[in-house]
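Heads up, the thing below is written out as structure tokens.
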Amino acid sequence: QVQLVESGGGWVQAGGSLRLSCAASGRTFSSYAMGWFRQAPGKERDFVASISWSSSMRLYADSVKGRFSISRDNAKNTVYLQMNSLKPEDTAVYYCAARRGSNYYTVRGEYDYWGQGTQVTGSS
């Protein structure tokens with residue numbers, strides 16, 4: 001079992017930055033691929049970014065490419081999402097997700113564990 005707890009959400013003006021963190025329980029964090037998804041009101045939960053267990057592979061949704069960066073620190077059991085140049089359309093609840101595997105994964109159903117989410121609000 002893996003428990004995930006997100007933090008770092010908040011309100012930010014357009015063009016600003018936030019860094020989300022996701023702390024994972026368990027001693028096998030380094031064997032898990034990690035992902036970030038987001039869900040805006042009335043919409044589906046969409047893929048944002050994913051990182052392989054070794055950090056050698058990362059993938060981003062087109063909507064955030066060049067602005068967001070995913071990273072992880074296996075010694076701290078934590079994955080991060082650095083969000084720069086935020087836009088109002090980035091407003092959503094952001095969820096951290098985990099699954100065993102050596103690749104990155106972009107489909108919601110591929111993940112086994114989810115955090116409770118953290119709200120990010122970008123204001124114009």
At what distance, to the nearest 0.5 angstrom, does [atom1] of [X] lie from [atom2] of [Y]?
| X | Y | atom1 | atom2 | result |
| --- | --- | --- | --- | --- |
| Trp36 | Ser50 | CH2 | OG | 12.0 Å |
| Arg67 | Lys87 | CZ | NZ | 4.5 Å |
| Tyr104 | Phe47 | OH | CZ | 8.5 Å |
| Ser31 | Arg99 | OG | CZ | 11.0 Å |
| Tyr32 | Leu4 | OH | CG | 9.5 Å |
| Leu81 | Thr118 | CG | OG1 | 11.0 Å |

What residues, two or more places apart in sequence or in another chain, satisfy salt bridge (Lys or Arg N to Asp or Glu O under 4.0 Å) together with Arg72?
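With neighbours one apart ignored, the set is empty.
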What pairs meet the salt bridge (charged side-chain N to carboxylate O under 4.0 Å, His left out) rule with one or both residues in residues 55-66, with sequence neighbours excluded?
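Passing the test, one end in residues 55-66: Asp62-Lys65.
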Check step by step if side-chain contact (heavy atoms from CB on, under 4.5 Å) holds for Thr91 and Arg38.
CA-CA 9 Å; Thr91 295; Arg38 66 185 181 186; over 6 Å; no
If I compare all heavy atoms of Ala24 with all of Phe29, which pair ends up nearest, and what's the gap?
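Heavy atoms of Ala24 and Phe29 come nearest at CB-CD1, 3.4 Å.
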If every non-hydrogen atom of Pro88 is compared with every non-hydrogen atom of Ser123, which pair is closest and at what distance?
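Shortest heavy-atom contact: CG-C, 4.4 Å.
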Can you list the steps and then say if Tyr95 with Arg108 is a side-chain contact (heavy atoms from CB on, under 4.5 Å)?
CA-CA 11 Å; Tyr95 296 91; Arg108 179 181 173 181; over 6 Å; no
Any side-chain to backbone donor/acceptor pair from [X] onto [Y]? Under 3.5 Å, distance only.
| X | Y | answer |
| --- | --- | --- |
| Thr78 | Lys76 | yes |
| Asn74 | Ser54 | no |
| Gln82 | Arg19 | no |
| Gln116 | Val5 | no |
| Ser21 | Tyr80 | no |

Find out if a path of hydrophobic residues (ILVMFWY) with successive side-chain heavy-atom gaps under 4.5 Å connects [X] to [Y].
| X | Y | answer |
| --- | --- | --- |
| Val120 | Trp11 | no |
| Leu86 | Val48 | yes |
| Leu20 | Val64 | yes |
| Tyr105 | Phe37 | yes |
| Ile51 | Trp114 | no |

Trace of the side chain to side chain donor-acceptor pair (under 3.5 Å) decision for Tyr113 with Ser25:
CA-CA 11 Å; Tyr113 304 101; Ser25 66; over 6 Å; no
Any side-chain heavy atom of Tyr60 sitting closer than 4.5 Å to one from Ser69?
yes
Any Met83 side-chain heavy atom under 4.5 Å of Val12 side chain
no
Gln3 atom CD, neighbour heavy-atom count above 12 within 6.0 Å:
no
What class does the angle between the rings of Tyr94 and Phe68 fall in, given that below 30° is parallel, 30 to 60° is tilted and above 60° is perpendicular?
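Plane angle between 30° and 60°, so tilted.
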